[in-house]
Every structure is written in structure tokens, then in C-alpha cells.
Amino acid sequence: MASAGAVIAATKSRKAKPSAQPKRARAKTAKVVAPPLVLPPQSEPASRMIAWIAAEHDNGGLPYVVIDKQAASLLLFSGKGDFMGVTPVLLGVGIGDDSSPGIGAKDLADIGPAERTTPAGRFVAKFGRAFGRQRVIWVDYSNSVALHAVITTHKSEHRVERLLSPSPDDNRISFGCINVGTKFYTGTLTPAFQKKGGVVYILPDTKSLDDVFPRVRLLPYVSAAVAR
């Protein structure tokens, strides 16, 4: 009979793992970094506005959008000024840059076509509840101007088709609110404005950019100071 020591040695030998070959280093998966989005060409007022916001840091570190009413487009930027995307918008059917006095207290049925304007200016916007408990980005709460996903309740208005058309001429349909496509609103705009809101800059229809944003006149001097 084999000795106890021999049995133990044999058992250990069977349990011992064969000498492993040197472990191959795990290949590190390279992190794919998407290239930054390129800002498309803009109208002269929009270009000036975007340059001024960047030079002055007027957004105060918050994400922001620039809405060019004449082009019926919205450009989204991060708090650091990185371009995040562009999308068409629907706007108020009325041409003008001011909200009618007391319009926020009126019923929709009592608001005439000329009063259905999207006001121009700088607005600090945040999420809040609207009629029907719908969650929207309030641009100008007192005048009931909100930024939200396109409304499809009234099929005869063809709002989605208006957004998809290449011309901005048919993008005037709302009571003054700003409508964007649902995919852009939920996937891009909402995450950007979710935490602290943001700043909304709406460019004018009939007034000059300098009338609505007087400090933009200082852009050449601000740019020169930054370049030094």
C-alpha cells in the first residue's frame, strides 16, 4: 500500500493546475469619440447673435438656443458654447416681435390671428406644467409662450408636414408657442435643459437685431478685446 505521504502528494499533483501560458494582455477597446458638429451657415443676424453670446458668455454657463424666426430654425448650444444641433420650428402665425398686453390671461378662442406672435428677446427658460399637465419648457410664462414638441391634435393644421417642408414660409401656425420635432425635443433639447433650464434667444421679425439686443452693437469691440 502506498504511504499516506505518497497519497497526499499524488492528490496535490492531480489538483495542481497545469502551468498556464503567459496571459495575453486584454485588448483595450478604443473609445469612439464623435466628431464635433459643424455649425451650418446662418443669416447675418443669427451669425452676429451667436458670436456675441460666445464673446460675452451671456448664457451664464447654461445651455441655450438661438431661434431665427425668419428662417424658422432653432440652433442648440451647450453651456460651454458647443454646437449641439439645428432643427426647424413652428412659430406664431402673427408677424411681430411683441406679445399683446394681457394675452396670457385670454382663452385661445379669444386670441385673434394678429395677436398670435412669438415675441423676440432673451428669455431664461425652465421646465414646467402647462394645460393638461403637459410638461413644457416655459419661455415666457406670463404671456403663455412655451417651447415644446409639435402638437398633432388638429390634423388639418398639418404641423408635422410644415416642419418637414424645405421652406420656412409655411411654419407660421401656432398661437405663439415654439414647436419642434418630437425626436429632437425628447432626445436632444430635453436632456440639455433638464437640470437647470437654459436661455432662449429669439431673433426679431420686423425690428432690427440691434433694437431687440442693443448690446450686440458692441460685438466688434468685444471681439477685439478677446483677441488681445
Scan the side chains in residues 49-66 for donor-acceptor partners under 3.5 Å anywhere in the protein, sequence neighbours excluded, and list what turns up.
| unit_1 | atom_1 | unit_2 | atom_2 | d |
| --- | --- | --- | --- | --- |
| Trp52 | NE1 | Arg215 | O | 3.2 |
| Asp58 | OD2 | Arg122 | NE | 2.7 |
| Asp58 | OD2 | Tyr201 | OH | 2.6 |
| Asn59 | ND2 | Leu62 | O | 2.8 |
| Asn59 | ND2 | Gly79 | O | 3.0 |

The test is side-chain contact (heavy atoms from CB on, under 4.5 Å); show your working for Val145 and Phe123 and say whether it passes.
CA-CA 10 Å; Val145 179; Phe123 304 90; over 6 Å; no
Rounded to the nearest 0.5 Å, what separates atom [atom1] in [X] from atom [atom2] in [Y]?
X      : Y      : atom1 : atom2 : answer
Ser47  : Leu39  : OG    : CG    : 7.5 Å
Asp170 : Leu90  : CG    : CG    : 8.0 Å
Gln70  : Leu203 : CD    : CG    : 8.5 Å
Leu189 : His148 : CG    : NE2   : 12.0 Å
Gln134 : Arg129 : CD    : CZ    : 9.5 Å
Leu91  : Arg116 : CG    : CZ    : 14.5 Å

Any side-chain heavy-atom pair of [X] and [Y] under 4.5 Å:
X      : Y      : result
Val86  : Pro40  : yes
Ser165 : Asn171 : yes
Asp98  : Lys207 : yes
Arg162 : Val150 : no

According to a hydrophobic-cluster definition based on side-chain heavy atoms being under 4.5 Å apart (Ile, Leu, Val, Met, Phe, Trp, Tyr only), do [X] and [Y] belong together?
X      : Y      : result
Phe127 : Ile178 : yes
Leu76  : Ile137 : yes
Leu209 : Val199 : yes
Met84  : Val180 : yes
Val216 : Ile67  : no

If you compare all heavy atoms of [X] against all heavy atoms of [Y], which two are closest, and at what distance to 0.1 Å?
X      : Y      : value
Ser100 : Asn143 : O-OD1, 4.3 Å
Val136 : Ala146 : CG2-CB, 3.8 Å
Ala125 : Val200 : CB-CG2, 3.8 Å
Ser43  : Asp68  : OG-OD2, 2.8 Å
Gly181 : Leu163 : N-CD1, 3.8 Å
Cys177 : Ser144 : SG-O, 3.6 Å

Could you work out, with ring pair (Phe, Tyr, Trp, His ring centres under 6.0 Å) as the rule, every residue matching Trp138, not counting sequence neighbours?
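Listed in chain order: Tyr141.
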Ring pair (Phe, Tyr, Trp, His ring centres under 6.0 Å) partners of Phe83, counting only residues at least two apart:
Phe77
Would you please test Leu75 and Gln42 for side-chain contact (heavy atoms from CB on, under 4.5 Å) and show each step?
CA-CA 10 Å; Leu75 297 109; Gln42 300 300 313; 3.3 Å; yes
Just checking, is any N or O donor in the side chain of Ser174 or Asn179 under 3.5 Å from an acceptor N or O on the other one?
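Asn179 and Ser174 do not have a side-chain donor-acceptor pair below 3.5 Å.
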Test Lys69 against every option in Thr117, Thr118, Thr206, Asp97 by the side-chain hydrogen bond (donor to acceptor under 3.5 Å, both in side chains) rule and name the one that passes.
Asp97
Applying the side-chain hydrogen bond (donor to acceptor under 3.5 Å, both in side chains) test to Glu157, which of His154, Arg159, Lys155 qualifies?
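The option that passes is Arg159.
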Check whether more than 12 heavy atoms from other residues, nucleotides or ligands sit under 6.0 Å from atom NZ of Lys126, and answer yes or no.
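Atom NZ in Lys126 is not crowded, with 12 or fewer foreign heavy atoms closer than 6.0 Å.
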Stepwise side-chain contact (heavy atoms from CB on, under 4.5 Å) test for Ile173 and Val93:
CA-CA 5 Å; Ile173 188 65; Val93 68; 5.8 Å; no
Intermediate values then yes/no, side-chain contact (heavy atoms from CB on, under 4.5 Å), Leu74 and Phe184:
CA-CA 11 Å; Leu74 177 153; Phe184 187 89; 4.0 Å; yes
